[in-house]
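A short write-up of the structure that comes next.
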Amino acid sequence: MTASSGQAEKKGRGKARLPFDSLILCLAVVLAWQAVTYFGDVPAYLLPPPSAIAERIYSDFGLLFSHSLVTAKEVLIGFLLSIVISVPLAAILAQFPLVERMLYPLLVASQTVPKVAIAPLLVVWFGFGLFPKILIAFLICFFPILVDSLVGFRSMPKEIAWLARSTGASRWKVFLHFQVPAALPNIFAGVKVASTLAIVGAIVGEFVAADSGLGYQLIVANGSLDVTLSFSILIVLSVMGMLLFALVDLAERLALPWHVSQRS
């Protein structure tokens, strides 16, 4: 075995060991939490132990699962809608500088308005159904994807475009074969950020007006001072966010095996 192959094998083992190391760290945090609440005699209404939270998730699994389906639907639709709209819009802005100069300040100004402040207005305008929650999730996810995608579409060196044009390539072929591959790493970076924000958008919408969903159930739990149920809902929301992030990360690995970020 050569030295280079040995180093590659060590790097591969190190990369494969990362999830296991993270699992050990999470387990250590949970054990420390359990020990603090048990030996410190911390009341459950202040900080429930992980064992009580796990037991509550098991006992109320049906309730949490039904409300999780509602929240997951809002998150996925709003998240996917933000990708479908923001990426093509970023491509248009990158192709037409005049349009970018006209629209970009308005897009930035729209993001300075807190989504919590406009959520009641969206409920007044669109009612108490599913659409306002989807719209809030979309608004929160939209801007990070747009900004990162715009940076990505601009990242292609002009020399590549000049070389492609000199061989007779059309503007569409330059965009499709050179500009899009150059933009993909930035697009996935924005999508990763948005995947964690989509949960926030859906919960904000459910806080304002809802009769189902994890955000609604969290309000009910807080109103009845059921701290254990509140922590259970937060754990479920965290797991939901991590699963969505993991799906985006998997899509990135499949789409960009050639990129430097995927190398050991």
Side-chain angles (χ1 to χ4, degrees), residues 11-12 14-16 18-19 21-22 25-26 71-72 74-97 99-101 103-115 134-161 174-204 237-264:
K11 290 180 179 179
K15 191 173 182 179
L18 284 177
D21 294 341
S22 300
L25 179 60
C26 292
T71 302
E74 299 164 356
V75 168
L76 289 176
I77 296 178
F79 176 63
L80 294 177
L81 189 63
S82 66
I83 297 175
V84 170
I85 294 179
S86 59
V87 174
L89 180 58
I92 294 174
L93 295 180
Q95 296 299 317
F96 302 100
V99 178
E100 179 188 352
R101 289 195 297 268
L103 292 183
Y104 198 73
L106 297 177
L107 295 173
V108 174
S110 67
Q111 295 303 307
T112 61
V113 180
K115 303 304 179 290
I134 295 175
L135 188 56
I136 296 173
F138 162 77
L139 291 175
I140 290 182
C141 296
F142 170 78
F143 197 67
I145 302 177
L146 176 69
V147 172
D148 279 306
S149 300
L150 185 57
V151 172
F153 284 120
R154 287 174 175 171
S155 64
M156 184 189 70
K158 292 184 178 180
E159 292 79 6
I160 295 179
V174 172
F175 171 77
L176 188 63
H177 295 289
F178 296 99
Q179 204 166 3
V180 171
L184 280 177
N186 293 83
I187 292 175
F188 274 106
V191 172
K192 279 185 174 181
V193 174
S195 67
T196 60
L197 298 176
I199 304 289
V200 178
I203 296 302
V204 167
L237 287 172
S238 179
V239 171
M240 188 182 300
M242 288 189 293
L243 287 176
L244 184 57
F245 184 89
L247 287 176
V248 175
D249 185 68
L250 177 62
E252 181 185 22
R253 293 178 183 275
L254 294 176
L256 304 176
W258 48 268
H259 194 253
V260 65
S261 63
Q262 307 304 323
R263 301 173 188 169
S264 300

Where is the tightest heavy-atom contact between I199 and G241, given as atom of each residue plus distance? CG1-CA, 4.0 Å
With side chains defined as the heavy atoms from C-beta onward, is the minimum distance between V84 and F138 less than 4.5 Å? no
Show your reasoning for whether side-chain contact (heavy atoms from CB on, under 4.5 Å) applies to L103 and I92. CA-CA 11 Å; L103 292 183; I92 294 174; over 6 Å; no
Distance from C141 atom SG to I85 atom CD1, nearest 0.5 Å? 11.5 Å
Closest non-hydrogen atoms of P88 and I83, given as atom of the first, atom of the second and distance, are CD-O, 3.8 Å
Atom pair OG1/CZ of T196 and F79 - distance to nearest 0.5 Å: 9.0 Å
Non-hydrogen atoms of V87 and S149 that approach each other most closely: CG2-OG, 3.8 Å
Determine the minimum heavy-atom distance between L150 and A94, stating which atoms define it. CD1-N, 3.7 Å
Considering non-hydrogen atoms only, spot the tightest contact between I136 and G201 and give its length. CG2-O, 3.3 Å
Determine, stepwise, if the pair F153 / I187 fulfils side-chain contact (heavy atoms from CB on, under 4.5 Å). CA-CA 9 Å; F153 284 120; I187 292 175; 4.0 Å; yes
Atom CG in L243, atom OG in S238: separation rounded to 0.5 Å? 9.5 Å
Applying side-chain contact (heavy atoms from CB on, under 4.5 Å) to F188 and D249, what does each step give before you reach the verdict? CA-CA 8 Å; F188 274 106; D249 185 68; over 6 Å; no
Hey, could you give me the CG/CZ distance between L81 and F142, rounded to the nearest 0.5 Å? 10.0 Å
To the closest 0.5 Å, what do you measure between CG (L76) and OG1 (T71)? 10.5 Å
For the CG atom of L250 and the CZ atom of F245, what is their distance to the nearest 0.5 Å? 12.0 Å
Nearest atoms (heavy-atom pairs only) where L244 meets V75: CD2-CG1, 3.9 Å
